[in-house]
Student: 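Can you read through this structure? Questions will come right after.
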Amino acid sequence: MPLCKECKKFFPVKEDPNKGDCVQRVVDPRQAYYKAKPVGANMDASSCSSFEKI
Amino acid sequence: MAEAAVNIKELEKNQEWWRAAELKRSKRLDYLRKAVWKKGAVGGLYAPGIKVDMERAGLFTDGYFANLNDPGMVRHAKAVANVLDNITIFITDQAQLVGYVGSLPHTISWLIEGGALLNEEVYNEPGIAPEPEAESLKKIAAMMDRWNGHTVQDKFIPYVLSFAAEEGVKLLSGAVGWGLPLSISGYNGKDYEYILTGKRGFEDIIEDIDRRQNDMTEKARKKAGPEYLHVGLRMMNWEGMKIVLQAVIRYANRYARLAKIVAENYETNPKCREELLRIAETCERVPAKPQRNLQESLQFDHFLQVVERFESGGGAWPSRPDYYHGPWYDKDVNIDKRLTKEEALDLVGEFMIRAHEVGAFFPRWTREGLQGITGTWVWTLGGVKQDGTDACNDMTIAMLQAARLVRVSNPTFAFRWHPQVKDEVMRECFECIRQGLGYPSMRNDPVLITNAMHWHGHPIEEARTWVHQACMSPCPTTKNGFQPMRMASATANMAKVVEYALFNGYDKVVNMQMGPQTGDARNFKSFDELYNAWAEQLKWLMNLLTMSVNFGRAMSPEMCPRSFLSAISERSVESGLDAVSPEGDRGNSWITAFTWVENIDSLAAVKKLVFDDKKYTMDQLITALDTNWEGYEEMRLDFVKNAPKWGNDDDYVDDIMLKCLREAAQFSKVIKDPSGNNWPILPENVSGNIHYANIVRALPNGRRLGDALYDGGISPGPGLDKKGPTAVLKSCGKINHITDGRAFLLNQRLSPTQLSGEKGYQLWRSYMHTWADLGLDHIQFNVIDDATLRSAQREPEKYQEVIVRVAGYSAHFVDISRKTQDNIIQRTVQGIA
């Protein structure tokens, strides 16, 4: 089962590596941006369409 | 480059300002301006691609129900903290300021805790649920089920039913009032003197609260006494404040972290990397600590505004950016020279864009009332300092210049004019007006300061800090002067007053006995009888609306606690009371009087044609009105053309205006607001003139059901001001703008051709001298010709940044309904003599 921490987009929090941010690049019809969402390092990423193995 | 310069010159010569602005602004501003998703509803409908934000709703719901056993204010604070800790955040390319009320740029916030009235509209609004739609609708329905019985509306209604069920139904009919008396949405004034002057950051406030909690605990345990009866309430309010303040610091740090991650892992351009690291440094600094420069000051302010909207809705944006950010502008640009003027202009322009992109889901009646925009966000510029000296600074000029470059319709500006304002600043105001922004509206500072002292007893130093709490009404920004919440429900559809006077208080649109039974108007034998019925209906309506707001305000700390707003308010930090609690608030209430002038023209028409000239009987008039003038067109035109109309310097009708205003002013001192202060009226319309067109029946001024109502608070009817601009000013100047009401909105349309060049400026200056000499408190302008507006109707895609002044706000012309567009075109273009 792939985990969030195995993804290129996962950035762990230094003080607590079990937590981190999923950081993604998005280009929508009007603008481009980076977004971040808090995730757990050991969260199941099997249904994540943006998962990219490190 | 040379070609662009020629193009700009040519476009400016042709007065195609919106196209010139695209070429003049920096690449960054152009990108950021065009990056904004349009959040205002167009003709009541949201633009394609706009989605309701499910994340805020879901996180707030989880946070709320996970803490059900906590006291209300702590539970609410924890729910807000859960949002701040977990909502998706984003940083737009080229941005230097961050923070948004939703999880993604195309989302609009949804305050699910408000009530079923709103939530059902979210569920039923076509296209607003994110894809996959079926899945989102399922989630929305599940969340709504969870909230059933817990929303602010659910908690509030039993209290209303306990004493005023009939009044509640009348309010909800939508015929006479606007909005609900709940602090879940409204206009949040702020104690900027406490929070935005660089004296403290959130860490300082947390420390202060800790000290107060310790102090209170120690004292309350040592000595029993009435002063400590509410110690538990205060301790919990302080707890809620700390929870939110800490969460906001973490929220800002999340942006700092994202900016660093992007800078260190993705960004290859050294300049962009440097900017991202500056964002990181800024968000690590503010709002935890006081700001040190312009970017930090703007970011601090923007975090305040965004978090306020995570906690509750912000229908307005009371603000004074040049006054509070001006010192940092001066430090960075003039003293330390760490920013060039162009760099500062980029920051200021982006500050406006960050506000412009904010959007929330509104029920349909609000969307129709606020066509094309997302709230009445009128930022205040200019004015005087607390010591009475001129407060204009370089930031004032930068704001006015930035506005012409980014051409957003929201926020808009209102400029506090006073005799010391320098010509250089007046020219900047004029350029905005000439270039068709519709703003700044011009406010008469000496008049309005005195007015604030007259109506609400603000001491002069306090009165001098005033900002627009919404479109028009001034409110101070001090500890006791600021008003934390103004509920939009004290907004009267005043044309109903004359309608009810003519129909014995019965409303045939909603089929209810609304007002008191003041007698069958067919039997009225004198104008006085009609006037007395009118006055009785007026008092009934003023009382109905203010009673509901007073009640809502008193219940608000329990129904909808405001830990964040409290935490940034000195009096709440000091007392441990919720900011919305009336205690400590001097009071600054007003009743917005929509559709006011119809009363005056209608009463004048009846007086003239029925009672003075005896051309018609009351029986004939009521019959004609009852049939919506159908079959009585000749008679109707007589009432339009041959009855005196407001705005023509005609004492016959102008005296009726004064009599009516003074009737209202007298009663404003009888009814009291939650702080025991007065409730003056404030005639203006937002876009109520269109919203209420199908709700107000035929009137003696000649209007028919469905016709647009007049557009301003004291503006003459479109096309009815036939004696020129000076006559309009003279009529308006007969009103005492200090004692007759809180403020009076006047729309004027001027010719762009006449205002061109230096001659145009000088004409406008002398017109403004007359305006000031006559003591008017407000005026705003549309300076755009019919041909351009007609072209924009034909080819809207080419005129996206054409702005018009609607009533109390500006909107992009292409974003308002056809009826409103036509109404603006119909307004008389005044030639200044």
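Below, chain A is the first sequence line, B the second, and so on; all start at residue 1. Model, not experiment: these values are computed from the prediction.
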Student: Taking atom CZ of A/F51 and atom SG of A/C22, what is their separation to the nearest 0.5 Å?
Tutor: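 Taking CZ in A/F51 and SG in A/C22, the distance rounds to 10.5 Å.
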
Student: As a quick check of understanding, evaluate side chain to side chain contact (heavy atoms under 4.5 Å, CB included) for B/I91 and B/V262, giving each step before the final call.
Tutor: CA-CA 9 Å; B/I91 300 177; B/V262 177; 5.6 Å; no

Student: Please tabulate, one pair per line, the donor and acceptor atoms of chain B and chain A that lie under 3.5 Å from each other, or say none if there are none.
Tutor:
residue, atom, partner, partner atom, Å
A/F11, O, B/R257, NH2, 2.5
A/P12, O, B/R257, NH1, 3.4
A/D21, OD2, B/R257, NE, 2.7
A/D21, OD2, B/R257, NH2, 3.1
A/R25, NH1, B/D93, OD1, 2.7
A/R25, NH1, B/D93, OD2, 3.2
A/R25, NH2, B/D93, OD2, 2.7
A/D28, OD2, B/W37, NE1, 3.0
A/R30, NE, B/K34, O, 3.1
A/R30, NE, B/V36, O, 2.7
A/R30, NH2, B/K34, O, 2.8
A/Q31, OE1, B/T92, OG1, 2.5
A/Q31, NE2, B/A35, O, 3.0
A/A32, N, B/Y31, OH, 2.8
A/A32, O, B/D93, N, 2.9
A/Y34, N, B/I91, O, 3.1
A/Y34, O, B/I91, N, 2.8
A/A36, N, B/I89, O, 2.8
A/A36, O, B/I89, N, 3.0
A/K37, NZ, B/E55, OE1, 3.3
A/K37, NZ, B/N86, O, 2.8

Student: I need the B/L245 CG to B/I206 CD1 distance, nearest 0.5 Å.
Tutor: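 It is 5.0 Å, given to the nearest 0.5 Å.
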
Student: Rounded to the nearest 0.5 Å, what separation is found between the CG atom of B/L23 and the CG atom of B/L405?
Tutor: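 Atom-to-atom, B/L23:CG and B/L405:CG are 11.5 Å apart.
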
Student: Locate the shortest heavy-atom distance separating B/A129 from B/I140; write the atom from each residue and the value.
Tutor: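 Nearest heavy atoms, B/A129 then B/I140: CB-CD1, 4.2 Å.
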
Student: With a 4.5 angstrom heavy-atom cut-off, could you sort out which part of B/I261 is near chain A: side chain, backbone, both or neither?
Tutor: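 Contact with chain A is through the side chain of B/I261 alone.
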
Student: Evaluate the side-chain proximity of A/L3 to A/M43: yes if any heavy-atom separation is below 4.5 Å, no if none is.
Tutor: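 SC-SC contact between A/M43 and A/L3 ruled out.
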
Student: Checking A/V13 against chain B: side chain, backbone, both or neither under 4.5 Å from a heavy atom?
Tutor: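 Both parts, backbone and side chain.
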
Student: With a 4.5 Å cut-off on side-chain heavy atoms, are B/P411 and B/M352 touching?
Tutor: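 They are in side-chain contact.
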
